[in-house]
Amino acid sequence: MVNNGSLSYDHERDGRPTELGGCTAIVRNLHYDTFLVIRYVKRHLTIMMDIDGKHEWRDCIEVPGVRLPRGYYFGTSSITGDLSDNHDLVSLKLFELTVERTPEEEKLHRDVFLPSVDNMKLPAMTAPLPPLSGLALFLIVFFSLVFSVFAIVIGIILYNKWQEQSRKRFY
């Protein structure tokens, strides 16, 4: 998931609406460690895993066109929808790779301020609605009170008619 601050993880659907990709791995109750490599080079995100304990990397996902700005944070979680699980994160090693870039690539890399993915539209940050003016607030309250009084009067009239019809008469 790439997030620019306007998305939240959809626990009901296991994050499907905002996922970039994924893969399945059986990692419960193994007697050896499992490893995951996340590599981001030249706007290309690659995730590989070693779940067999043989130091052989298997591709998980490969996403081109990922634009990540500098100075952000890396987060991990083992919670999805209604299911949460316990995973021990033994170590996290981060390396900055030295990559040869052309001047055009360097300029493009410097101009990234919000995380994004090519060919994936992330919802834009929406500005909060302006507060109601004094006149609009007055009119809303006034018409709410008028409607409430009208509804109460109609209710009383209907209740009295019902009482009148249900009264027992002795002749």
Side-chain angles (χ1 to χ4, degrees), residues 1-25 27-28 36 38-47 49 60-89 92 94 96 104-171:
M1 172 178 179
V2 171
N3 191 352
N4 62 8
S6 66
L7 302 174
S8 60
Y9 186 82
D10 186 356
H11 292 280
E12 297 289 324
R13 294 183 280 175
D14 288 336
R16 295 280 188 243
T18 55
E19 77 176 3
L20 290 176
C23 57
T24 304
V27 294
R28 284 197 179 101
L36 185 71
I38 302 171
R39 182 177 292 152
Y40 176 67
V41 178
K42 290 188 177 184
R43 296 187 176 176
H44 197 90
L45 179 69
T46 307
I47 299 177
M49 59 186 169
C60 178
I61 65 170
E62 197 168 322
V63 183
V66 176
R67 299 168 189 256
L68 298 177
R70 297 177 182 170
Y72 276 64
Y73 300 95
F74 183 78
T76 62
S77 174
S78 63
I79 190 167
T80 60
D82 292 331
L83 175 68
S84 62
D85 207 348
N86 183 18
H87 296 279
D88 295 329
L89 189 61
L92 185 64
L94 303 173
E96 184 175 352
E104 295 85 28
E105 288 176 331
E106 186 62 37
K107 183 182 180 322
L108 287 173
H109 187 69
R110 251 183 287 140
D111 292 342
V112 175
F113 295 108
L114 286 176
S116 64
V117 179
D118 293 346
N119 301 324
M120 181 180 174
K121 182 98 169 133
L122 295 178
M125 297 286 283
T126 57
L129 295 174
L132 294 174
S133 68
L135 178 63
L137 188 61
F138 171 76
L139 290 175
I140 289 173
V141 170
F142 176 75
F143 284 113
S144 297
L145 287 173
V146 168
F147 178 75
S148 298
V149 169
F150 182 73
I152 290 172
V153 168
I154 295 294
I156 290 172
I157 291 171
L158 290 175
Y159 179 74
N160 285 337
K161 290 249 189 222
W162 178 76
Q163 283 279 348
E164 197 174 292
Q165 289 178 354
S166 65
R167 206 177 291 158
K168 292 186 179 179
R169 299 176 191 223
F170 297 104
Y171 293 101

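How far CD1 of I140 is from CG of L145: 12.0 Å, rounded to the nearest 0.5 Å.
Partners of V146 by side-chain contact (heavy atoms from CB on, under 4.5 Å), not counting sequence neighbours, listed by chain and number: F142. Shown here are the side-chain contact (heavy atoms from CB on, under 4.5 Å) partners of Y159, two or more places apart in sequence or in another chain: W162, Q163. Remark: V153 engages V149, I157 in a side-chain contact (heavy atoms from CB on, under 4.5 Å) (not counting sequence neighbours).
Taking both residues in full, the closest heavy atoms of V66 and Y40 are given as O-OH, 2.9 Å, listed atom of the first, atom of the second, then distance.
The only option from I47, T46, I38 that meets the side-chain contact (heavy atoms from CB on, under 4.5 Å) definition with I61 turns out to be I47.
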